[in-house]
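Some notes on the structure that comes next.
Please read these numbers as outputs of a predicted model, since none were measured by experiment. Counting begins at 1 with the first residue of the sequence. As a basis for the values below, the full set of heavy atoms in this structure was taken, side chains included, without hydrogen atoms, waters or symmetry mates.
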Amino acid sequence: MNNPGPLSTRAVVLLAVASAIVTANAYYIHPIIGRVADSFAVSDALIGAVPALNQLALALGVLLLLPLGDRVNNRRLVVLCLSVQVLALLIMATVQSYAVFVGASTVLGFFTITPYLLPAYASKRVETARLGFVTAVLTTGVLFGVQLSRLGSGVVAEYLGWRAVYFLAAGLMALAVFSLPALMGHEAPGRQGDRESYGRLLLSTMRLAREHGDVMISGTIQGLNFAHFLAMWMGIGLHLTGPDLNLGTDIVGYLAACSAVALFTTPRLGRWADRRGAERARLTMALVQILAVASLALALVRWELLIISVFATAVAGPLIDVTGRMTSLREEPSVRTRLMSLYIMLMFIGGGLGSWGGTLAYDALGWWGTVGLCVGMSSLVCFLSYGQRRCGARGHRAQGHDL
């Protein structure tokens, strides 16, 4: 079977839109987490199991399913995953049991691999000079899904109830089941994947983890980056809708919409990262982000000052992710999907721990618990980014000396 031709910019944008629809499923819970907890009569700490298990299941799904992108037809894999997600969303919209709701959310997370399969898929159909730009556009699609989900979820839940959110999500996913496969070509899997059984494919993924330490460090950095992001929004959702402020879920959604600035900044910063280099660009953004996270403390003066952190983290956070992905997508095409699976797995392990850690910190210490947890994780992002930048600089100097 012949590989399809290079992806046009229009095709990349359409793939990004499809990614947004799929990505949104994991983030509808942010503005409505307090309302869902009240509906099922569970504590702030316990409701954290919903996003946490969703993210950890996504990490497991990435580990077990995403490597298949190097072995099987990507389009068939996408159809299977999207179809299961539609069913899971319908269960979440109708179930009366908290345990079943958590279970459906966990299944939903396990099959949410499509947005993370597409960057490796697209990287095989674009020239190297466009890799940073294309990765940034697809990442922007993921960001758009995050923004759309939180804004839409907050507003819809305020006027129609939180269950309507998941009914609408199921409808959007049904649309994606039919539209996304049409955007993808019938590419032939890589030869290495064709030779290997599924078990050997997973073992080869573990081998790649040992051989590509820079990708594993990048994944750890993004895991901490994502953990801080989710912990921050768990805290914001509980803080604003809690008994002290008693604001509506729509206010959380409107605040989340302010971070849509990332939709405009991330593609441009992706081009900047192409010129500056992944490690240098990431360190710069990590330093910007820790200042933004520290400003979360200002919310105790006026909650409206949260907009400072929201804007700044919306600019810096996504580029930390883009530059991390670049470390795996610049490797051999035959191993990119498996390297991306390792990267994304670490990212969502961090997301799961950050989601539950965020609700536990808020339940124990209130807003100061959220601030302290986020500052601590952002500090680790800076430390590891600095270390990898130093290692990269020494490597370049050594290569220049050898030449």
Backbone N/O of Asp214 and side chain of Gln388: donor-acceptor pair under 3.5 Å: yes

side-chain contact (heavy atoms from CB on, under 4.5 Å) evaluation trace for Ile290 with Ser379: CA-CA 7 Å; Ile290 196 170; Ser379 298; 3.3 Å; yes

Interatomic distance, Thr249 atom OG1 to Tyr159 atom OH [nearest 0.5 angstrom]: 8.5 Å

Validation row: Tyr343, Asp321 side chains within 4.5 angstrom (heavy atoms): yes

Inter-residue atom distance Phe348.CZ - Gln222.CD, 0.5 Å rounding: 8.5 Å

Nearest non-hydrogen partners of Gly48 and Thr359, listed with the distance: CA-OG1, 3.4 Å

Expected output: side-chain Trp356 to main-chain Ala45 donor-acceptor under 3.5 Å: yes

Contact summary for Leu230 and Ser355, nearest pair of heavy atoms: CD1-OG, 3.2 Å

Ser105 side chain vs Phe101 backbone, donor-acceptor pair below 3.5 Å: no

Over all atoms of both residues, closest heavy-atom pair of Leu319 and Ala281: CD2-CB, 4.4 Å

Test log, rule side-chain contact (heavy atoms from CB on, under 4.5 Å), inputs Leu384 and Leu224: CA-CA 10 Å; Leu384 292 175; Leu224 290 164; 3.8 Å; yes

Backbone of Val322 reached by a side-chain donor or acceptor of Arg282 within 3.5 Å: no

Thr112 side chain near Cys81 side chain, heavy-atom distance below 4.5 Å: no

Taking every non-hydrogen atom, the tightest pair across Arg150 and Pro31: O-CG, 3.1 Å

Taking every non-hydrogen atom, the tightest pair across His239 and Tyr362: CA-OH, 3.2 Å

Test item: Met234 and Ile33 side chains (from C-beta on) under 4.5 Å apart, heavy atoms: yes

Within-4.5 Å side-chain heavy-atom neighbours: His212 and Leu342: no

Heavy-atom neighbours of Tyr386 OH exceed 12 at 6.0 Å: no

Approximate separation, where rounding is to 0.5 Å, of Tyr254 OH and Leu151 CG: 7.0 Å

Val36 and Tyr98: CA distance, side-chain angles, deciding distance, side-chain contact (heavy atoms from CB on, under 4.5 Å) verdict: CA-CA 9 Å; Val36 176; Tyr98 174 68; 5.8 Å; no

Between CZ on residue Phe40 and CG on residue Leu46, distance to nearest 0.5 Å: 11.5 Å

Arg268 and Thr265: CA distance, side-chain angles, deciding distance, side-chain contact (heavy atoms from CB on, under 4.5 Å) verdict: CA-CA 5 Å; Arg268 290 174 173 81; Thr265 60; 5.9 Å; no

Any donor-acceptor pair under 3.5 Å from Ser39 side chain to Arg35 backbone: no

Test item: Ile21 and Met173 side chains (from C-beta on) under 4.5 Å apart, heavy atoms: yes

Tyr166 side chain reached by Ile32 side chain, heavy atoms, under 4.5 Å: yes

Heavy-atom check, side chain of Leu77 versus side chain of Ile113, under 4.5 Å: yes

Distance-minimising heavy-atom pair for Val310 and Leu255: CG1-O, 3.7 Å

N/O donor-acceptor pair under 3.5 Å between Ser309 side chain and Ala292 backbone: yes

Donor-acceptor contact present, side-chain Ser385 to main-chain Leu283, <3.5 Å: no

Leu175 side, atom CG; Leu82 side, atom CG - distance, nearest 0.5 Å: 10.5 Å

Separation of Leu298 CG from Arg302 CZ (nearest 0.5 Å): 12.5 Å

Flag for Asn54-Tyr27: side-chain donor and acceptor within less than 3.5 Å: no

Leu296 side chain near Leu306 side chain, heavy-atom distance below 4.5 Å: yes

